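Please read all numbers here as calculations on a predicted model, not as lab measurements.
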Amino acid sequence: GNVSFDLDGNGCGPSDQIVGNLFVLTENGPNTLASTTNSNGTYQLFTQEGTFTTSITSSLPAYFDATPLSHTSDFNGIGNIDNVDFCIQATEDINDVAIALFPLTGARPGFDADYQIIFENKGTNTLSGDMSLTFDDSKMIFLNADQTVASQTNNSISFDYSDLQPFEQRAINLYFKIIEPPTVNLDDILQFSCSINPVAGDYSEVDNSFQLEQTVIGSYDPNDINVLQGAEVLLEKADEYLHYIIRFQNTGTASAINVRVENTLHDLLNW
C-alpha cells in the first residue's frame, strides 16, 4: 500500500504529500512484522497464512491520526495480496523542525572529509527558515556544499530553506579539508554545532540543535621493525633465517642529510 499526508485537509489524493521512512506494522498475535515506506510512500509486508492487523499509529506523533486506524487481512494459502493505503491527517497545528549532522567519512589530517546535514519537518505545517553550522576553523577549512550558502564566516556557514512540508526530509552535503599535522593530529576532537530555525513556537526545541564531536583518525608511521615471517615461528624452523624490515621516516620540513639507523638485537638472536 501507500501512505500519504492530507496537506489540504480534504482527504488524501494524488497531489498530497507522500510519506517516506515511516514504520508500518502488521501482527497476528505471536508474530509482528515491520517495514518502512520508501521514498515513494510505498510499503510491502510479507506474511504467512493467518489473520493480520496492519497499522502505522505506533510510529506517529500524537498530533496525527491515520485513516484507517488499522486494517485486517485474512490470508489462506499462498499468493494472496491485500492493498491497504493509509491517509494521515493533522489534529493540531504544530511547528516542529529537527536537524542532525552526520560524518560520511573519517577525519584524517591532511585529507578532505565529507559531512551531511539532515533536516526534517516533524510537525503539521509547511515551514521555511534557515540553519547554521559552526566548526573549529583552527583544525579544518570549509571547501564547499552542494547547496547555496546563504552566509559564511571563518568558522560558520548558514543555509536557507523554504516550503518544507510535513514528513519531508532534506539533506545538504558539506566538504571540508582537515589541516595537516602538527596542527591536527590523531585523536584530536573536531567539534561541530548546528541549529535550525524557527525555534520560537517549536513543539520540541531540543532537536532544533545538534552537536557532533568527531575523533580524528589516520595512519601513524613511526620508526618500526617487523619480522616478515610473522608473529610465530614453528619449532622445526627455529634455526632458519628470519628476515626483518626496518622503516624510518622524516617528519620534519627539510631533507635529512646525515642519517644513521641503530637497532639493538635481542640476546637470543644471532645476527
Side-chain angles (χ1 to χ4, degrees), residues 1-26 33-46 53-73 81-102 116-133 145-148 150 158-174 194-210:
N2 293 280
V3 181
S4 54
F5 174 64
D6 183 13
L7 187 63
D8 48 18
N10 63 352
C12 290
S15 62
D16 281 306
Q17 172 74 22
I18 58 175
V19 181
N21 200 34
L22 187 69
F23 268 113
V24 182
L25 306 175
T26 191
L33 302 175
S35 182
T36 56
T37 54
N38 61 21
S39 58
N40 295 320
T42 300
Y43 72 92
Q44 288 182 314
L45 291 164
F46 299 93
T53 301
T54 306
S55 65
I56 59 172
T57 54
S58 61
S59 57
L60 280 177
Y63 44 81
F64 288 111
D65 277 340
T67 303
L69 189 64
S70 64
H71 177 84
T72 301
S73 303
I81 297 176
D82 197 4
N83 292 293
V84 185
D85 294 336
F86 290 94
C87 178
I88 299 175
Q89 297 167 317
T91 59
E92 301 178 52
D93 284 332
I94 299 294
N95 293 339
D96 191 12
V97 287
I99 193 170
L101 175 68
F102 298 95
Q116 189 174 74
I117 293 176
I118 299 290
F119 61 103
E120 61 180 322
N121 186 349
K122 300 167 63 176
T124 64
N125 299 317
T126 301
L127 296 172
S128 299
D130 60 84
M131 69 197 77
S132 62
L133 171 70
D146 64 357
Q147 295 192 28
T148 302
S158 67
F159 301 89
D160 296 327
Y161 71 92
S162 61
D163 298 327
L164 186 67
Q165 296 187 1
F167 296 100
E168 185 180 4
Q169 185 182 91
R170 299 179 189 174
I172 301 176
N173 292 309
L174 310 167
C194 57
S195 61
I196 187 169
N197 293 310
V199 175
D202 194 272
Y203 182 79
S204 175
E205 295 183 9
V206 65
D207 55 12
N208 284 55
S209 60
F210 187 90

CA sep, side-chain torsions, deciding dist, call: Ile172, Asp146, side chain to side chain contact (heavy atoms under 4.5 Å, CB included):
CA-CA 6 Å; Ile172 301 176; Asp146 64 357; 3.8 Å; yes
ring-ring contact (aromatic ring centres under 6.0 Å, His included) for Phe119 and Phe210? Distances and angles first, verdict last.
CA-CA 11 Å; Phe119 61 103; Phe210 187 90; over 10 Å; no
Does the pair Leu25 and Ile56 meet the rule for a side chain to side chain contact (heavy atoms under 4.5 Å, CB included), with working shown?
CA-CA 6 Å; Leu25 306 175; Ile56 59 172; over 6 Å; no
Please assess Val84 against Tyr43 for the test side chain to side chain contact (heavy atoms under 4.5 Å, CB included), listing each intermediate value before the final yes or no.
CA-CA 9 Å; Val84 185; Tyr43 72 92; 3.3 Å; yes
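Looking at Thr53 and Ser70, their side chains never bring a donor and an acceptor atom within 3.5 Å of each other. Checking Asp163 against Thr126 by side-chain atom types alone, no donor-acceptor pair falls below 3.5 Å. Judged purely by distance below 3.5 Å, without hydrogens or angles, the side chains of Asn125 and Asn95 pair a donor atom with an acceptor atom.
Each of Asp207, Asp96, Asp202 was compared with Lys122 under the side-chain hydrogen bond (donor to acceptor under 3.5 Å, both in side chains) criterion, and only Asp207 meets it. Evaluated for a side chain to side chain contact (heavy atoms under 4.5 Å, CB included) with Cys12, the options Leu7, Asp6, Val3, Asn2 yield exactly one hit, Asp6.
A distance-only check finds a donor-acceptor pair linking the side chain of Thr124 to the backbone of Glu92 [under 3.5 Å]. Put simply, the side chain of Thr37 gets close to the backbone of Asn21: a donor and an acceptor are under 3.5 Å apart. Under a 3.5 Å cut-off, the side chain of Asn197 and the backbone N or O of Gly129 do not form any donor-acceptor pair. In this structure, Ser55 contributes its side chain and Leu69 its backbone to no donor-acceptor pair below 3.5 Å. Although no hydrogens or angles enter the test, the distance criterion places a donor-acceptor pair under 3.5 Å between the side chain of Asn121 and the main chain of Gly123. With hydrogens and angles disregarded, a donor-acceptor distance shorter than 3.5 Å links the side chain of Thr91 to the backbone of Tyr63.
Remark: Glu168 engages Arg170 in a salt bridge, criterion side-chain N to carboxylate O under 4.0 Å.
Shortest non-hydrogen contact noted between Phe159 and Thr148 is CD2-O, 3.2 Å. Heavy atoms only, all atoms of each residue included: Tyr203 and Ile94 are closest at CB-CG2, 3.6 Å. Heavy-atom minimum distance, Ala150 versus Asp160: CB-OD2, 3.6 Å. Taking each heavy atom of Leu101 and Cys194 in turn, the nearest pair found is CB-SG, 4.0 Å. Looking at every heavy atom in both residues, Gly11 comes nearest to Asp16 through O-OD2, 3.1 Å. In terms of heavy-atom proximity, Ile18 sits nearest to Ser39 at CD1-O, 2.9 Å.
Note that the CG atom of Leu133 and the OG atom of Ser158 stand 10.0 Å from one another [nearest 0.5 Å]. Taken from CG in Asn173 to CD in Gln147, the straight-line distance is 8.5 Å, to the nearest 0.5 Å. A distance of 12.0 Å separates CG of Asp85 from OG1 of Thr67, quoted to the nearest 0.5 Å.
Asp8 CG: more than 12 foreign heavy atoms inside a 6.0 Å radius.
Note on ring orientation: taking the six-membered ring where Trp is involved, the planes of Phe167 and Phe64 are tilted (angle from 30° to 60°).
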